[in-house]
Amino acid sequence: MEYVRKLMDRVSVEGVKIELLNTAYGNGDTFLAKLDPRTPFLWYLYFGIAPWFIHDVILLFGLFFLMALTTMMSRVSPLIIGILCLGLLSQAGYLLIVSWLFGGGGETILPLLKLTLKLSVISLASITVFCSMDPEKLSDGLLSIGVPKQVSFGIAYGYRMLPSLLEEYHHIFLSFRLRGKAPERHGILYLRSIVYFLKIAVLSFYPLILSIAKRTRTTVEALETKGFSYAYQSPEVKRIKLSHMKFTRRDALFLAVSVIYVAALYVLAAQFNL
């Protein structure tokens, strides 16, 4: 019962907000968080794209093991890992059921396993890269590789606003429940209650959208007052903003170990040729 209670505390609105804040700001002391932000992006060029073109099971399992290790090093929130596992399992199960309905047999399991491994490797690589950097570092990294300034700022701003918007949505949802009338009977399989809560969940988005529009306008006016547009168009401001970024031995070590590991995987896979 104690485990169930802790689990319910994590999936509550307050728990989700805390997990989001920890994901964005609570991993600054990890090895990957101390890397130059351009290093994870360079690393992701291979691990985020290459798995689509790999069909060897040994290679895929080896890459999956490496991604699981880097994800653990990034101290990714269990909530994010749980959502990822739920999505992968549901997708794999859906494809397996559909293949059987259309005449597939046991021979469909291996292709589905390969597809699931590919998705797992790419998803874990994405989580490793984007959860190992705080919003400011991620924004600077994107700006340094040529991403438009408005996009890089918008990502950092979204990181900061998401917990607040989640809490505001929760308050709106509770206000609808307080002013509304819940079904007197749950119905068969709690159908009436489910429909009631789904209706409130949808209606709660409309006040939230209006609040987001108001916040956005206030933010834009405040930024323009402080010279946001001029600063982001000035090369000198960009140079000063990114002056703290530099490659170190830690970056070279991380890339070198990754290259050696992948090369060893290719040699091992060539021996078995699965």
Side-chain angles (χ1 to χ4, degrees), residues 17 19-52 66-67 70-71 73-77 80 84 121-166 212-259:
K17 186 178 72 172
E19 292 294 333
L20 289 175
L21 289 174
N22 286 336
T23 300
Y25 297 99
N27 301 325
D29 57 341
T30 62
F31 176 84
L32 296 177
K34 296 177 182 178
L35 298 174
D36 186 275
R38 292 167 292 186
T39 300
F41 292 149
L42 181 63
W43 179 83
Y44 184 71
L45 280 178
Y46 176 81
F47 294 100
I49 299 175
W52 288 118
L66 178 61
M67 294 304 101
T70 55
T71 302
M73 292 172 58
S74 301
R75 298 180 189 173
V76 178
S77 167
I80 296 178
L84 172 63
V121 170
I122 295 171
S123 301
L124 290 177
S126 303
I127 291 175
T128 296
V129 171
F130 294 103
C131 291
S132 62
M133 294 183 281
D134 58 55
E136 288 78 12
K137 195 171 184 179
L138 176 60
S139 176
D140 291 345
L142 293 174
L143 188 62
S144 66
I145 62 175
V147 175
K149 307 173 184 62
Q150 292 79 1
V151 175
S152 61
F153 171 79
I155 292 175
Y157 181 72
Y159 262 102
R160 296 187 184 95
M161 290 299 298
L162 189 58
S164 300
L165 294 178
L166 182 63
I212 292 174
K214 183 178 179 180
R215 286 171 181 258
T216 302
R217 180 177 178 180
T218 303
T219 303
V220 170
E221 292 176 351
L223 289 173
E224 290 300 328
T225 302
K226 296 181 179 181
F228 173 80
S229 296
Y230 171 77
Y232 264 74
Q233 293 174 2
S234 172
E236 183 63 20
V237 172
K238 180 179 178 180
R239 184 188 64 80
I240 296 173
K241 179 177 176 59
L242 303 180
S243 60
H244 65 93
M245 299 172 57
K246 62 179 180 178
F247 287 100
T248 62
R249 292 182 179 179
R250 184 183 288 108
D251 300 277
L253 177 63
F254 177 70
L255 292 177
V257 170
S258 299
V259 171

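Computation of the quantities below employed the complete heavy-atom set of this structure, encompassing side-chain atoms and omitting hydrogens, waters and symmetry-equivalent molecules. Nothing fancy with the numbering, it's 1 onward along the sequence.
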Participant: Residues two or more places apart in sequence or in another chain: which of them pass ring-ring contact (aromatic ring centres under 6.0 Å, His included) with F41?
Facilitator: none

Participant: According to the salt bridge (charged side-chain N to carboxylate O under 4.0 Å, His left out) rule, which pairs have a member within residues 37-46, sequence neighbours left out?
Facilitator: D36-R38

Participant: Would a 4.5 Å heavy-atom cut-off, applied to side chains only, mark V259 and Y46 as touching?
Facilitator: no

Participant: Mind running side-chain contact (heavy atoms from CB on, under 4.5 Å) on F254 and L32 for me, showing each step along the way?
Facilitator: CA-CA 9 Å; F254 177 70; L32 296 177; 3.4 Å; yes

Participant: Would you say the side-chain atoms of K137 pair up with the backbone N or O of L35, donor to acceptor, closer than 3.5 Å?
Facilitator: yes

Participant: Enumerate the residue pairs fulfilling salt bridge (charged side-chain N to carboxylate O under 4.0 Å, His left out) with a member in residues 41-51, sequence neighbours excluded, ordered by first and then second residue.
Facilitator: none

Participant: What are the two closest non-hydrogen atoms of V129 and P40, and how far apart are they?
Facilitator: CG2-O, 3.8 Å

Participant: Using 0.5 Å steps for rounding, measure from the CD1 atom of I127 to the OG1 atom of T70.
Facilitator: 10.0 Å

Participant: Looking at every non-hydrogen atom in both residues, tell me the closest pair between P37 and G141 and how far apart they are.
Facilitator: CB-CA, 3.7 Å

Participant: Got a sec, which residues hit salt bridge (Lys or Arg N to Asp or Glu O under 4.0 Å) with R239, two or more places apart in sequence or on another chain?
Facilitator: E236

Participant: Kindly say whether T248 contributes a backbone atom to a donor-acceptor pair with the side chain of D251 at under 3.5 angstrom?
Facilitator: yes

Participant: Kindly write out the residues that satisfy side-chain hydrogen bond (donor to acceptor under 3.5 Å, both in side chains) with T71, not counting sequence neighbours, or none if the list is empty.
Facilitator: T128

Participant: Parallel, tilted or perpendicular: which one describes the rings of F153 and Y157, with boundaries at 30° and 60°?
Facilitator: parallel

Participant: Could you walk me through whether T39 and L255 pass the side-chain contact (heavy atoms from CB on, under 4.5 Å) check?
Facilitator: CA-CA 8 Å; T39 300; L255 292 177; 3.8 Å; yes

Participant: With under 30° as parallel and over 60° as perpendicular, where do the rings of Y44 and F130 fit, or are they tilted in between?
Facilitator: perpendicular

Participant: Return the minimal non-hydrogen interatomic distance between M67 and A125, and the atom names on each side.
Facilitator: SD-CB, 3.6 Å

Participant: Once side-chain contact (heavy atoms from CB on, under 4.5 Å) is applied, do any residues pair with L165, and if so which ones, sequence neighbours excluded?
Facilitator: M161, E168, L208, I212, R215

Participant: Can you check whether E136's main-chain N or O pairs, donor with acceptor, with S139's side chain at less than 3.5 Å?
Facilitator: no

Participant: Please report the shortest heavy-atom distance between S152 and V147, naming the atom on each side.
Facilitator: N-CG1, 4.3 Å

